There are 2 protein chains.
Amino acid sequence: MTTAKVELFDDDLQHTASYFKALGHPARLAILKYLAESKSCISGDITNELPLSRTTVNQHLSELKNLGLIKGTTQGAKVNYCLNTEKVMALKQLLGDFLGAITLPDNFSCNK
Amino acid sequence: MTTAKVELFDDDLQHTASYFKALGHPARLAILKYLAESKSCISGDITNELPLSRTTVNQHLSELKNLGLIKGTTQGAKVNYCLNTEKVMALKQLLGDFLGAITLPDNFSCNK
DNA sequence: TAATAATGTCGTAAAAATACGTCATAAAAG
DNA sequence: CTTTTATGACGTATTTTTACGACATTATTA
C-alpha cells in the first residue's frame, strides 16, 4: 500500500513544492522561456519549437495553465498563450522566499 | 514506445530543470529547511521530523546528496548531514537567473 | 458546402518517482 | 562478546508523470 504522503506535509511546503515541480521539466521551462522571448504571445505552434508531439505539449501547457502561470486566449480557431505576469511575479516571490530561507551564516561549518 | 524525451532538450534547460525538480517534493523542501534552521547539521534523525519511513527519507536525502545540495559526514555510526553552502548559493544563482529571464515588460498585454 | 487547420479531450502504454520492508554492516553500549 | 543503534543498499509494489495516437469540434479556406 504505497499511498501518497504528500498531503501529510505543511500546506505551505506542499504549495511551494508544487511550483518548483511545475518548473521541473525542460519542456515546461522551454515553454516559459519561449513565451518570454517571443514577446508576442504566439499561438500553440510552440509545438514546432519542441521535440515532442502536439498532444504532449498541450499536456505541459495545461499544467502551466492550471497553476495560472500562463493563460490562453482563443482567437478564432487559434489560441494565444502568454505568460500571466502577475502569477509569474508571485512565483518568483514564493520561490525566492523559500530559497532565501535556506542559507547558512558564513561562519558555519559542517565538520567542526 | 514511450521513451524519455528529456535528453532532447538543451543541456542548459535539462540542468536547470533537474534542480527545480529536486525541490519539487515537500519532503525535500522540509529536509533543506530543517538543515537550515537547526544550524547544527543534525544526523539522520531527520526521519523523526517527517511523516515518512526512514527508508524513504534516506532516498530523498540521497537525491539531494547526488545533486550536491547537502553532504553527509560520517561520525562513528552516525552521519551528520548538512547543507553544502557553495552548492546552495549556486542553486539560488541558477534558479534566480532562469526566473529573471521569464519576465515581460510592464507595457506588455496578451489580449491586445 | 467541402476540405483543411488548429485545438482540446480521451484512453492508454511506458517510464519515473514514491514509499517501504527486509537485510547487511559497522559502531557503540552493555 | 553480544546486543542494540544507525545507516545504506536491494527489491518491489503503487502511484504519478510523460508521451502519443485517435477522435471530436470549431473555424478558416478553397
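The sequence lines fix the lettering, A, B, ..., with proteins before strands; numbering per chain opens at 1. Worth saying up front: this structure is predicted, and the values here are computed from it rather than measured.
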**Q.** Non-hydrogen atoms of B:Leu67 and B:Ala22 that approach each other most closely
**A.** CD1-CB, 3.2 Å
According to side chain to side chain contact (heavy atoms under 4.5 Å, CB included), who are the partners of [X], at least two apart in sequence or on a separate chain?
X	value
A:Ser38	A:Tyr34, A:Ile42
B:Thr47	B:Arg54, B:Val57
A:Asp10	A:Asp12, A:Leu13

(Q) Expressed as a whole number of angstroms, how long is the span from B:Glu7:CD to D:dT18:P? (A) 14 Å
(Q) Output the rounded distance in Å from CD (A:Gln75) to P (D:dT26). (A) 19 Å
Q | Under the ring-ring contact (aromatic ring centres under 6.0 Å, His included) test, residues paired with B:Tyr19 that sit two or more places apart | A | B:His15
Q) For DNA chain D, which residues in residues 8-33 of chain B have a heavy atom at a distance below 4.0 Å? A) none
**Q.** Stretch residues 47-69 of chain A: residues that reach within less than 4.0 Å of DNA chain D through a heavy atom
**A.**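 Those residues are A:Leu52, A:Ser53, A:Thr55, A:Thr56, A:Gln59, A:His60, A:Glu63.
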(Q) Can you tell me if A:Tyr81 touches the phosphate of C:dG8, counting only side-chain N or O atoms and a distance under 4.0 Å to OP1 or OP2? (A)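 Yes, within the criterion.
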Q | Residue pair A:Leu64 / A:His60, side-chain heavy-atom distance below 4.5 Å | A |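 Side chain of A:Leu64 against side chain of A:His60, heavy atoms only: no contact under 4.5 Å found.
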Q) Around atom NZ of B:Lys92, are there more than 12 heavy atoms of other residues, nucleotides or ligands at under 6.0 Å? A) yes
(Q) Are B:Leu29 and A:Val6 connected into the same hydrophobic cluster when the rule is that any two of I, L, V, M, F, W, Y join if their side-chain heavy atoms are below 4.5 Å apart? (A)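 No: no chain of side-chain contacts under 4.5 Å links A:Val6 to B:Leu29.
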